[in-house]
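Presented below is the structure to which this report refers.
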Amino acid sequence: MSRSAHPAGPRHGDVLPEGHYTAPAADLNVLDPKVWARTVARDDDGVATVGGIQVTRLAEEFGTPAYFLDEADFRARCRAWADAFGADADVYYAGKAFLSRAVVRWLHEEGLNLDVCSGGELATALAAGMPAERIAFHGNNKSDEEIERAVSAGVGRIVLDSFQEIVRVAHTARRLGRRQPVQIRVTVGVEAHTHEFIATAHEDQKFGIALAGGQAAEAVRRTLALDDLELTGIHSHIGSQIFDMAGFEVSARRVVQLLAEVRDEHGVELPEIDLGGGLGIAYTSEDDPREPYDIAKALSDIVTRECESAGLATPRISVEPGRAIVGPTAFTLYEVGTIKPLEGLRTYVSVDGGMSDNIRTALYDAEYSVALVSRRSDAEPMLARVVGKHCESGDIVVRDAFLPADLAPGDLVAVPATGAYCRSMASNYNHALRPPVVAVKDGGARVIVRRETEEDLLRLDVGE
Ligand code: LLP
C-alpha cells in the first residue's frame, strides 16, 4: 500500500488506489454476514436491525453517529476463541482494540484473559473486577508508575520490552516484596504482510528485543539472573490484520529455537510462548479471514512440531486477539447530511461523523464497506465516497463504495466492522464529541460508553 498522495490534477480523484474494489454488489440491500455482526438483518420493512431492534429506533434513542455493539456476537466470539484454543492454551483479549468496564465483565464471564498496555487500560480492567492474575501488561515504554501499579496489583504477566525494563521491573518487584512473572517480547525478523504502521516484528521498529545478534538471548540471561523476576516465556507479536499464517509459522519456529538455546545454555525449559494477536477480519466482502479453530490448530501444530524436533516439551501457548474478537461485532451508524455528485468522478456523501470516530481510513488506507440501512432501495448503484464533517480533505470514512443513487439527506448509513480501533482511537478533532458505544442484545440496548458532551470538553479546558 502506498503512503504517498497521488498527483493532483483535475481528474485525480478517479485514480483508484491499487486493490480497491470497483464492482457493485448484485443487490445493495443484502447485508453480507461476513462483514456485519451476527444478529444484524434487514426486516420486512427493509430496515436493518441488530439484536432485533431497528436502526431507525436506535438512532432516535441514542443519536448519530454512534457505535452499536452486538453483545451476543462479542460473547460468541470470545467462546469460539476459548474453545478453539482449549484448556492447554490461554486467550488474552487485546484491550487496545476496544475496552470498557462492560466489555471487561463479558470477558471475565466468558473465561478470557486480558492484555492491557497502559495505566488507563489497567485501571479499567481492575475497576471492572478482572482478576489481576489474568491480566498481561504490555508496552514499549512503561512508566515507573505503571510498573508499580502492575506489580502491586499482582498482574499475572508483565511483558518486558527492553533491557532497561528488565531492571526497572526487577527493582519494583524487590521493593514491593514480590516475585513478578514476566515474558520477554522478541522481534523475530518477520515482515508481516500488512500496512507498515501495523507491522511489528521486522527489526527496524520500536517494539521488543531482536533475536538477531543474540540480543534476546542476552535479555534472557539478564532476566534469569534476577531473583525478583520469574521468566515464564517468550512473546512475539508480528503485526495486525494478517490473513496469511506463514508469518506466524516463521515466528513460532524462531521463538522455539530460542527456547532450545535457553535450555542448552541455562538448563531451563521456559514453560510459555505467546504468539500475539494480529488475525485479520473481513472489512469488505473480498476479505476471507480464518476461523479461530483453524488458527488454533495451525499454531499448535507448528509449535508442537518445532518443539518435538528440538526435543522440548510443548510449552503452554497464548494468543492475544483484539480485532478478531471485537472488530466484526460493531457498526457505526451515521446520518447522511449532504450529497455532492461530481460529474464523471463519484458522489461525495457527507455524514455526521468522520475521522474523529474512524481514523483508520486516513491512517492506514483501510477499506470499509457501507450500506443504506434505514430503508431498502432498488435504485441504481452509484459510486460514492463517504466522508466526514471535519476540516480535512483526507477525512474519508469509506473511500470507494456503492450506495443507491436515490440516497438522500436524512437517510441512515452504517459502516460495519468498526468494533476494533475506532472508538479506541477516536479523537476530539474540531472539538467533535466522541460517539457513544451502545450494546445491543435480545431486543434491549444500553449505553456502555456515553457520548461526550460539550461540558466534557469545557471541563478539560481550564479557561485561564
Ligand atoms: N498483542 C500485542 C502485543 C499488540 O501490540 C496488539 C496490537 C495485539 C496483541 C492485538 O492485535 P489485533 O489482534 O487487534 O490485530 N491501530 C491499528 C492496530 C494496532 C495494533 C497494535 N497492537 C489498526 O487500527 O489497525
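Whatever order the structure lists them in is the order used to number ligands and atoms, beginning at 1.
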(message) Test salt bridge (charged side-chain N to carboxylate O under 4.0 Å, His left out) on Asp274 and Arg185; report intermediate values, then the result.
(response) CA-CA 9 Å; Asp274 190 303; Arg185 177 164 172 177; over 6 Å; no

(request) Under the side chain to side chain contact (heavy atoms under 4.5 Å, CB included) rule, what do Tyr364 and Gln241 come out as? Steps first, then yes or no, please. (result) CA-CA 11 Å; Tyr364 314 118; Gln241 186 58 4; over 6 Å; no

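The shortest N or O to N or O distance between Arg323 and ligand 1 is under 3.5 Å. Any N or O atom pair closer than 3.5 Å counts here, and Ala324 shares no such pair with ligand 1. The shortest N or O to N or O distance between Gly322 and ligand 1 is below 3.5 Å. Residue-to-ligand polar distances keep His235 apart from ligand 1: every N/O pair is separated by 3.5 Å or more.
The contact set between ligand 1 and Arg360, taken as ligand atoms under 4.0 Å from a residue heavy atom, comprises 23 (C), 24 (O), 25 (O). Counting the atoms of ligand 1 from 1 in the order shown, those under 4.0 Å from a heavy atom of Arg185 are 3 (C). When each atom of ligand 1 is checked for a heavy atom of Pro321 under 4.0 Å away, the hits are 13 (O). Residue contact check: Glu320 has heavy atoms under 4.0 Å from atoms 1 (N), 2 (C), 3 (C), 8 (C), 9 (C), 10 (C), 13 (O) of ligand 1. Atoms of ligand 1 found under 4.0 Å from any heavy atom of Ser240 (numbered from 1 in listed order, with element): 11 (O), 12 (P), 15 (O), 18 (C), 20 (C). Which parts of ligand 1 touch Asp115 is read off a 4.0 Å heavy-atom cut-off, strictly below it: atoms 1 (N), 9 (C). Atoms of ligand 1 lying under 4.0 Å from at least one heavy atom of Ala94, given by number and element, are 8 (C), 9 (C), 10 (C).
Listed by chain and number, the residues in a ring-ring contact (aromatic ring centres under 6.0 Å, His included) with Phe62 amount to none (sequence neighbours excluded). With sequence neighbours excluded, the residues forming a ring-ring contact (aromatic ring centres under 6.0 Å, His included) with His390 are Tyr429, listed by chain and number.
A ring-centre distance under 6.0 Å is found for His235 and His138.
The shortest distance between side-chain heavy atoms of Val55 and Phe331 falls below 4.5 Å.
What you find for Pro416 and Ser369 is that their closest heavy atoms are CD-O, 3.1 Å.
The closest side-chain donor-acceptor pair between Asp70 and Thr329, if any, does not fall under 3.5 angstrom.
For atom 8 (C) of ligand 1, the nearest non-hydrogen atom from the set Met425, His237, Gln241 belongs to His237.
Residue contacts with ligand 1 do not include Ala420, since none of its heavy atoms lies under 4.0 Å from the ligand.
A salt bridge does not link Lys389 to Asp352: none of the charged side-chain nitrogens sits closer than 4.0 Å to a carboxylate oxygen.
At a heavy-atom distance under 4.0 Å, no atom of Phe207 approaches ligand 1.
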